[in-house]
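Just so you know, ligand 1 is whichever comes first in the structure, and atom 1 is the first atom listed for that ligand. Throughout, residue positions are numbered sequentially from 1 according to the sequence presented.
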Amino acid sequence: MNEQQNVSIIEVGPRDGLQNEKGLVTTENKLTFIKMLLDAGITSIEPTSFVHPKYVPQMGDAAALYSELIKRVDPLIYNLSCLVPNVKGYEQSQKVGVKEIAIFSAASDSFSKKNVHATVDESLANLKKVAAMAKSDGVKVRGYVSTVFGCPYEGQVDIDRVHQVCETLFNYGCYEVSLGDTIGVATPGQVQQIIPAFKKNFDLNKLAFHFHDTRGIAMANVLTAFNGGARIFDASAGGLGGCPYAPGSTGNVATEDLVYMFNSMGVNSGIDLAKLLDASLFILTALGKRSPSRLVRSLRKVEGAYCEF
Ligand code: HMG
Ligand code: MG
């Protein structure tokens with residue numbers, strides 16, 4: 001396989017997938033879910049976030065979950081990136097030995113204020129401190145820019161602002177920045193339009209695309225980004241997900257859908273589709289939910305193997 005034809009998929013299901021779920025998933029079920037995802041060949045995963053449990057109760061077990069996870073999984077073999085909004089969250093992550101964090105800001109003030117009670121500039125000032133602490137502790141840092149393709153409160157977003165925030169996060173030492181379509185408004189036309197400017201200003205191999213599937217065209221956006229040279233995609237097993245501060249937005253693009261599509265194109269993600277489906281069905285059953293992914297709905301297990309009908 002040509003090296004160019006590989007993609008990296010960052011599994012955000014245990015964090016983005018579960019953060020907006022009302023029914024609390026037990027820590028043990030989350031751990032089983034994560035272990036099944038890793039067993040499916042996923043090497044980069046967001047297990048949790050160190051945010052305020054008052055605002056995101058589902059992530060309230062972050063410390064307990066991470067402490068238990070690293071007894072079962074080597075954090076030096078896998079990228080177990082935990083979302084951190086501020087110094088307090090970072091300090092809590094370090095009490096349990098987190099080796100990689102994801103810091104997050106946005107391209108629009110209104111969303112940022114709802115999400116982290118700070119304007120974009122204020123959030124970046126907070127994250128600067130976090131990134132400096134991480135650097136001195138030898139902790140890896142990934143970055144997010146939310147509302148890249150549109151804001152739930154302001155509508156259109158200034159692309160120059162997106163580039164500024166992205167650049168700031170790289171300057172803080174992020175090894176990769178993920179471009180969030182927080183509310184799932186991106187279109188293939190928009191993706192096609194923005195990629196050349198990103199290519200001009202940044203290394204595309206350090207940019208991930210994070211599409212939510214509110215309007216059912218996240219897969220078309222992934223394919224458009226791939227055709228434009230993108231090779232890193234965030235996705236959520238079973239298509240679960242959504243941000244509590246992005247009203248009306250639905251889950252991330254389903255990891256299964258990506259693996260299925262890339263397999264058909266001869267593009268390697270290193271992920272075993274059947275094992276991934278087992279992991280998704282496990283967490284969907286725990287939640288008592290059907291997957292929004294048509295692929296997941298169309299597959300059934302017959303004599304131990306998945307088939308379509
Ligand atoms: P705040 O209330 O403004 O914080 O919340 P504060 O600094 O004013 O402190 C108030 C109290 O909160 C203090 O406690 C702090 O210690 C405590 P007190 O002295 O009153 O007892 N506190 C914390 N406790 C636990 N963890 C913390 C923390 N920080 C302060 N980290 C905060 C600010 C950011 C914490 C809050 O707004 C929050 O937790 N927001 C949740 C944000 C969130 O999780 N959003 C979803 C994830 S982002 C996303 O989904 C987008 C993404 O997927 C990409 C995309 O799709 O675009 C990444
Ligand atoms: Mg998201």
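- With sequence neighbours left out, the side chain to side chain donor-acceptor pair (under 3.5 Å) criterion links Ser236 to no other residue.
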- Task: Go through Thr224 and Gln192 one step at a time and tell me if the side chain to side chain donor-acceptor pair (under 3.5 Å) criterion holds.
- Result: CA-CA 6 Å; Thr224 307; Gln192 209 167 23; over 6 Å; no

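- Listed by chain and number, Arg15, Asp16, Gln19, Phe50, Val51, His52, Tyr55, Val56, Leu83, Pro85, Asn86, Lys88, Gly89, Gln92, Phe104, Asn115, Val116, His117, Tyr144, Ser146, Gly180, Thr182, His210, His212, Cys243 each place a non-hydrogen atom less than 4.0 angstrom from ligand 1.
- Val185 and Ile217 are members of different hydrophobic clusters when ILVMFWY side chains are connected at heavy-atom separations under 4.5 Å.
- Not counting sequence neighbours, the partners of Asn201 by the side chain to side chain donor-acceptor pair (under 3.5 Å) test are His163.
- The angle Asp16:OD2 - the Mg ion (ligand 2) - His210:NE2 amounts to 90°, with values rounded to 10 degrees.
- Under the 4.5 Å side-chain criterion, counting only non-hydrogen atoms from C-beta, Cys174 is in contact with Ile103.
- Scanning for ring-ring contact (aromatic ring centres under 6.0 Å, His included) contacts around Tyr175 gives an empty result, with sequence neighbours left out.
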